[in-house]
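As structure tokens, the structure follows; a few thoughts come after it.
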Amino acid sequence: MSIQQTDVLYTAVATAENGRDGRVATDDGKLDVVVNPPKEMGGSGAGTNPEQLFAAGYSACFQGALGVVARQENADITGSTVTAKVGIGRNEDGFGIIVEISADIPNVDARTAKGLVAKAHQVCPYSKATRGNISVTLV
């Protein structure tokens, strides 16, 4: 379900110069990075790239959602990590992305971990935004 403008608590603002081969910065100056295509796509690979930035945001958001679910389930996720792998490749209309999410949750058994990850995927705003648009695999 989408939110209305009146429901917005925070808005991130970032501006890019020269697309994938330039610079991206937020309006508050907290993020200011050089972006370059990765070597695998013919670029210099000198800077970061949009896929790395998306992977960073998605993994952080998913970890937050995992925390929400863990509190509801009274599960201990101390020391847990979430990794997002974002791949880019050609598709029928240009390029597309694919995501793989994995979580290491050392203080719970495998079955509980799998359940927590599945529930986090239902509440994570990034998961909601990508659902039905790109392939997201939970590992």
Side-chain angles (χ1 to χ4, degrees):
M1 175 184 258
S2 62
I3 65 172
Q4 302 301 312
Q5 189 61 39
T6 55
D7 299 321
V8 172
L9 301 174
Y10 168 76
T11 299
V13 179
T15 302
E17 298 173 5
N18 296 324
R20 289 181 157 273
D21 207 0
R23 178 178 162 260
V24 176
T26 56
D27 64 336
D28 63 5
K30 291 182 180 178
L31 178 73
D32 190 340
V33 295
V34 171
V35 290
N36 300 116
K39 289 182 180 182
E40 296 84 351
M41 294 179 66
S44 69
T48 190
N49 59 66
E51 292 69 39
Q52 289 176 327
L53 295 170
F54 187 71
Y58 202 159
S59 62
C61 188
F62 200 97
Q63 178 77 38
L66 185 63
V68 168
V69 169
R71 282 188 294 280
Q72 292 170 347
E73 304 276 324
N74 292 317
D76 180 7
I77 63 161
T78 305
S80 66
T81 59
V82 172
T83 301
K85 295 181 181 179
V86 176
I88 184 170
R90 292 198 179 274
N91 63 12
E92 61 280 354
D93 59 354
F95 285 88
I97 61 172
I98 188 169
V99 176
E100 180 180 291
I101 300 283
S102 61
D104 179 36
I105 311 172
N107 295 327
V108 299
D109 60 72
R111 183 173 177 229
T112 301
K114 186 174 182 176
L116 291 171
V117 167
K119 288 176 182 175
H121 187 48
Q122 295 306 307
V123 300
C124 173
Y126 274 57
S127 292
K128 288 178 182 181
T130 59
R131 192 167 289 122
N133 298 311
I134 64 171
S135 173
V136 177
T137 305
L138 306 177
V139 216

Item checked: Summary of ring-ring contact (aromatic ring centres under 6.0 Å, His included) pairs that have at least one residue in residues 55-88, sequence neighbours excluded ->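 Those involving residues 55-88 are Phe54-Tyr58, Tyr58-Tyr126.
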Any donor-acceptor pair under 3.5 Å linking the side chain of [X] with the backbone of [Y]?
| X | Y | answer |
| --- | --- | --- |
| Asp32 | Ala25 | no |
| Arg131 | Val136 | no |
| Asn133 | Ala129 | yes |
| Gln52 | Asn49 | yes |
| Glu100 | Lys85 | no |

Is there a side-chain contact between [X] and [Y] (heavy atoms, below 4.5 Å)?
| X | Y | value |
| --- | --- | --- |
| Ile77 | Val69 | no |
| Lys119 | Glu73 | yes |
| Thr15 | Asp27 | no |

I need the [X] [atom1] to [Y] [atom2] distance, nearest 0.5 Å.
| X | Y | atom1 | atom2 | value |
| --- | --- | --- | --- | --- |
| Leu66 | Cys124 | CG | SG | 10.0 Å |
| Ile88 | Arg20 | CD1 | CZ | 4.0 Å |
| Thr112 | Asn107 | OG1 | CG | 11.5 Å |
| Leu9 | Asp7 | CG | CG | 8.0 Å |
| Ile98 | Thr137 | CD1 | OG1 | 5.5 Å |
| His121 | Thr130 | NE2 | OG1 | 6.0 Å |

List the atom of [X], the atom of [Y], and the distance in Å for their closest heavy-atom pair.
| X | Y | answer |
| --- | --- | --- |
| Gly45 | Asn36 | N-CB, 4.2 Å |
| Ala70 | Leu116 | CA-CD2, 4.2 Å |
| Gly19 | Val35 | O-CG2, 3.3 Å |
| Val82 | Ser59 | O-CB, 3.5 Å |

Item checked: Ile105/Val117 under side-chain contact (heavy atoms from CB on, under 4.5 Å): CA gap, chis, key distance, verdict -> CA-CA 10 Å; Ile105 311 172; Val117 167; 4.2 Å; yes
Is there a continuous path of hydrophobic side-chain contacts, each under 4.5 Å between heavy atoms, that joins [X] to [Y]?
| X | Y | answer |
| --- | --- | --- |
| Ile134 | Phe95 | yes |
| Ile101 | Leu53 | no |
| Met41 | Val99 | yes |

